[in-house]
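Beneath this line is the structure, given in structure tokens, with notes to follow.
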Amino acid sequence: MLQLILAAAFFLVIHLGVSGTGLRFKLIESYGEKPYRIVFAIAASLGLIWLVYAWRGAPYLPLWGQPAIFRYLAVGLMPVAFYLVVVALTTKNPAMMGQKNLLDRETGGIGPLHITRHPLMWGIALWALLHLLANGDWAALVFFGSFLILTVKGTFDIDRKRLREYGESWQRYMEKTSNLPFQAIGQGRQKFDWRELSWWRIGVTLVVYGGLLHAHARLFGVSPLGF
């Protein structure tokens, strides 16, 4: 358990203490952006590998246990998490590096990005929360809790970095869209059209989710369906 805590601390410090702070900009100014990205990618990858290894070896020390309601909740809501990830991987997004030109669009968002400008982060956050609830032990709290903290805070860190890099262009984009899913739509800053969800994205989501649900027991040693 100690190794898991240390791995989680390293993983969070690398991201929140470097990438998510002004230290990132100082390191880039001192050593250049490319060397920084290479070193950071190596450190982050090693941190992730260590975290996964430590979690798989951690003992099961129950907190609230594994009630069926949380398992069914995870099975029912995981497609939403998968869909957000699919959106992130298949939609051009000005939050990504090298896509600043998209900020010139009048809509302030592209398709499903009207829901949130950070779909990848919220998809991972939902995945982490659902797995934390379904596992109900100390190791899950540390492991999945690390991803939950990182992704939720990461949405604000990305906004802060892009605001520093893009200035007023990003400020206008933030005013048209929302970080929190559906907030801009609820406040009337964006209009929601079901057609923007894209049937093909929904189809990809269901195929990938169905495959992982079927293979979950073989890959991770436990069936989300309880059998």
Side-chain angles (χ1 to χ4, degrees), residues 1-28 33 36-58 63 70 73-74 77-89 91 93-97 99 112-113 115-165 170 174 177-183 212 220:
M1 193 66 184
L2 177 60
Q3 182 177 186
L4 177 59
I5 294 173
L6 293 174
F10 177 79
F11 185 68
L12 289 175
V13 167
I14 283 292
H15 289 85
L16 302 183
V18 178
S19 179
T21 68
L23 179 59
R24 171 181 181 269
F25 296 102
K26 293 180 180 179
L27 291 173
I28 290 176
E33 185 167 357
Y36 164 80
R37 289 185 176 279
I38 293 174
V39 173
F40 179 81
I42 293 173
S45 298
L46 291 176
L48 178 60
I49 293 171
W50 184 19
L51 181 61
V52 172
Y53 175 80
W55 173 59
R56 292 179 68 87
L63 284 170
F70 287 146
L73 184 67
L77 292 182
M78 274 300 296
V80 178
F82 273 73
Y83 176 77
L84 289 172
V85 173
V86 169
V87 165
L89 297 177
T91 307
N93 188 346
M96 304 299 290
M97 291 296 297
Q99 299 189 30
L113 295 183
I115 298 173
T116 173
R117 57 180 174 267
H118 300 301
L120 179 62
M121 291 296 192
W122 285 110
I124 297 175
L126 182 57
W127 163 82
L129 176 61
L130 292 173
H131 280 75
L132 193 163
L133 293 174
N135 281 274
D137 67 312
W138 281 103
L141 180 64
V142 175
F143 181 77
F144 294 109
S146 297
F147 286 97
L148 185 59
I149 292 171
L150 178 62
T151 50
V152 173
K153 187 177 184 303
T155 62
F156 298 97
D157 291 339
I158 291 173
D159 281 339
R160 186 170 60 252
K161 287 188 289 188
R162 295 295 176 262
L163 187 60
R164 176 168 176 170
E165 294 169 345
W170 189 259
M174 290 175 62
T177 59
S178 65
N179 176 8
L180 187 67
F182 292 102
Q183 183 180 29
L212 283 177
F220 306 107

Just list the side-chain donor-acceptor pairs under 3.5 Å for residues 119-127, sequence neighbours left out, or say none.
from   : atom 1 : to     : atom 2 : distance (Å)
Trp122 : NE1    : Asn179 : O      : 2.8
Trp122 : NE1    : Asn179 : OD1    : 2.9

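- Under the ring-ring contact (aromatic ring centres under 6.0 Å, His included) criterion, Trp138 pairs with no residue, sequence neighbours left out.
- Across every non-hydrogen atom of Thr151 and Phe147, the tightest pair is OG1-O, 2.7 Å.
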Can you list the steps and then say if Asp157 with Leu16 is a side-chain contact (heavy atoms from CB on, under 4.5 Å)?
-> CA-CA 9 Å; Asp157 291 339; Leu16 302 183; 4.0 Å; yes

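- If you take CD1 on Ile14 and CZ on Phe40, they are separated by 6.5 Å, rounding to the nearest 0.5 Å.
- Among residues two or more places apart in sequence or in another chain, the ring-ring contact (aromatic ring centres under 6.0 Å, His included) test is passed with Phe82 by Tyr209.
- Judged as a side chain to side chain contact (heavy atoms under 4.5 Å, CB included), and not counting sequence neighbours, the contacts of Leu129 are Leu133, Leu148.
- Every ring-ring contact (aromatic ring centres under 6.0 Å, His included) that Phe220 has, sequence neighbours left out, goes to His216.
- Residue Ala140 comes nearest to Leu132 through the heavy atom pair O-CG, 4.0 Å, listed as atom of the first residue, atom of the second, then distance.
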Side-chain donor-acceptor pairs of residues 5-12 under 3.5 Å, sequence neighbours excluded:
none

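- For residues 116-140, every residue pair satisfying the salt bridge (Lys or Arg N to Asp or Glu O under 4.0 Å) rule, not counting sequence neighbours, is listed here: Arg117-Asp159.
- In this structure, the side chains of Asn93 and Leu113 come closer than 4.5 Å at one or more pairs of heavy atoms.
- Rounding to the nearest 0.5 Å gives a distance of 8.0 Å between CH2 of Trp170 and CE of Met174.
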In a table with atom names and distances, give each donor-acceptor pair under 3.5 Å that connects a side chain of residues 45-52 to protein atoms at least two apart or in another chain.
from  : atom 1 : to    : atom 2 : distance (Å)
Ser45 : OG     : Ala41 : O      : 2.8
Trp50 : NE1    : Gln3  : OE1    : 3.2

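- Between the CG atom in Leu150 and the OG1 atom in Thr155 there is a gap of 10.0 Å [rounded to 0.5 Å].
- Put simply, the side chain of Met1 reaches to within 4.5 Å of the side chain of Val142, judged on heavy atoms.
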